[in-house]
Protein chains: 2
Amino acid sequence: MARTKGDHEARRRDVSEAVWRVLAAHGFSGLTLRAVATELGATTGLLTHYFPAKRDLVAYALDLLHERTAARPRRAAEQGRAAVRAALLDILPLTDEATASNRIWVSSWDTALSDPALGADYADKYGASRDRLAKLIATAQDLGELAPGDPSDLATAAQSFALGLVVQALFNPAAFPPEHQTALVDAYLAALAP
Amino acid sequence: MARTKGDHEARRRDVSEAVWRVLAAHGFSGLTLRAVATELGATTGLLTHYFPAKRDLVAYALDLLHERTAARPRRAAEQGRAAVRAALLDILPLTDEATASNRIWVSSWDTALSDPALGADYADKYGASRDRLAKLIATAQDLGELAPGDPSDLATAAQSFALGLVVQALFNPAAFPPEHQTALVDAYLAALAP
């Protein structure tokens, strides 16, 4: 039976979903052709058509992670301290979807630290993210909504705070329900008030 | 030739060193019997004597990480804000040794998040660490060296800040030399001054 382009796209979406679910449940250390095949209800033989080697599967998973992160819903653009708050909340595991995505990000750090090219990509990504946050902080300072201080250092500290909170919340979701994470962000910003 | 107890201990130390070097260079995702054997200049056959299965090697590596962390040098006990500062600096990758250890910790998160029992251990560990930090913060507040506020929330935020800084510094050591990390800690504490 002839395969249509629609079949191909649908199958590709199914594979992506299966890879994502395996990553969310087992991380990169649990990402195997067999696990994806089981999740997909397919044979590993079919999977080797998409991923001839393990590294192809890992590369695909990393692309998927970046794609989904770029496409994820974000809080509406605001200005001043509200924009800084929104940017920090956008990082945190406040929903099931954001929890899955963060769990996959944290899991990817092991892979990224072991691969110089990928590690450099991650360094750039976190650097770009600090720069965006520094601009929001500078605007909030101009508006008199945050205390003076080097915006770049303040952004580094705030991004550190958010990333470290992600890790602790992932390990102990019961101790870090969304309202507690949000309260911690608000307390963090209150300490930076003018 | 008869093996003495000294031989056995020396070999065990060699194996530990080899496992540590593999972890520091390649993380848990690169931890294989073959990699450890190569590092040790031994056969994988010899290694299977110590680690019959991959999970035995991972369990040994995790024990080693906990042991070395417990035994690592720490800054001398101080009081008040200086003690909080010392506790935060003790977390950061300020030396080659602390960098290797942190790189292995970050790498272990993938494994720990995939294993409920191990994940619960990590949750306890980070909780205990927050509690210790909260006590130091409460003392610093009593001494009038830090502003009032819930010590537990302040400890969570400070530990988040330190863990997130670890991650960013590991990916970009050039952007985060020890003096920059230290300055970020000092700026963080300055914002919490009374």
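In what follows, every chain begins at residue 1, and chains take the letters A, B, ... in the order their sequences are listed.
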Would you say that more than 12 heavy atoms from the other residues, nucleotides or ligands in this model lie under 6.0 Å from the CZ of A:Arg72, or not? yes
Proximal component of B:Ala147, with respect to chain A [non-hydrogen, under 4.5 Å]: neither
Would you compute the distance between atom OH of A:Tyr188 and atom CG of B:Leu192 and round it to the nearest 0.5 angstrom? 9.0 Å
Within 6.0 angstrom of A:Arg55 CZ, more than 12 heavy atoms from elsewhere: no
Of the backbone (N, CA, C, O) and the side chain (C-beta and beyond), which part of A:Leu165 lies under 4.5 Å from a heavy atom of chain B, both, or neither? both
Looking at B:Arg75, I want to see if its CZ is surrounded by more than 12 non-hydrogen atoms of other residues, nucleotides or ligands under 6.0 Å. yes
Residue-level interface, residues 114-121 of chain B with chain A, non-hydrogen cut-off under 4.5 Å: B:Ser114, B:Gly119
Counting heavy-atom pairs closer than 4.5 Å to chain B, which one of A:Val185, A:Leu184, A:Ile104 comes out on top? A:Leu184
When rounded to the nearest 0.5 Å, the distance separating CH2 of B:Trp105 from CH2 of A:Trp109 is 15.0 Å
Roughly how far, to the nearest 0.5 Å, is the CG atom of A:Leu163 from the OG atom of B:Ser160? 10.0 Å
Measure the shortest side-chain to side-chain distance between A:Tyr126 and B:Asn172 over non-hydrogen atoms and say whether it is less than 4.5 angstrom. no
Separation of B:Phe161 CZ from A:Phe161 CZ (nearest 0.5 Å): 11.5 Å
For the candidates B:Ala183, B:Ala123, B:Gly164, which exhibits the highest count of non-hydrogen atom pairs separated by less than 4.5 Å from chain A? B:Gly164
Side-chain donor-acceptor pair present, A:Gln168, B:Thr156, cut-off under 3.5 Å: no
I need the A:Leu113 CG to B:Leu170 CG distance, nearest 0.5 Å. 6.0 Å
Grouping I, L, V, M, F, W and Y whenever their side-chain heavy atoms are under 4.5 Å apart, do A:Leu136 and A:Leu143 come out in a common cluster? no
With chain A, the option among B:Ala157, B:Ala190, B:Ala175 that has the most non-hydrogen atom pairs under 4.5 Å is B:Ala157
What part of B:Ala191 lies closer than 4.5 angstrom to a heavy atom of chain A: side chain, backbone, both or neither? both
When you look at NZ of B:Lys135, are more than 12 heavy atoms from neighbouring residues, nucleotides or ligands closer to it than 6.0 Å? no
Say whether, by atom type as modelled, one donor and one acceptor occur between the side chain of A:Asp110 and the main chain of B:Ser29 under 3.5 angstrom. yes
Pairwise distance NE2(A:His180) to CG(B:Asp153) - rounded to 0.5 angstrom: 5.0 Å
Just wondering, more than 12 heavy atoms not from B:Arg34 lying within 6.0 Å of its CZ? no
For A:Ala112, which atoms come within 4.5 Å of any heavy atom of chain B: side chain, backbone, both, or neither? both
Mark yes when over 12 heavy atoms from residues, nucleotides or ligands other than A:Glu17 sit less than 6.0 Å from its CD; otherwise mark no. yes
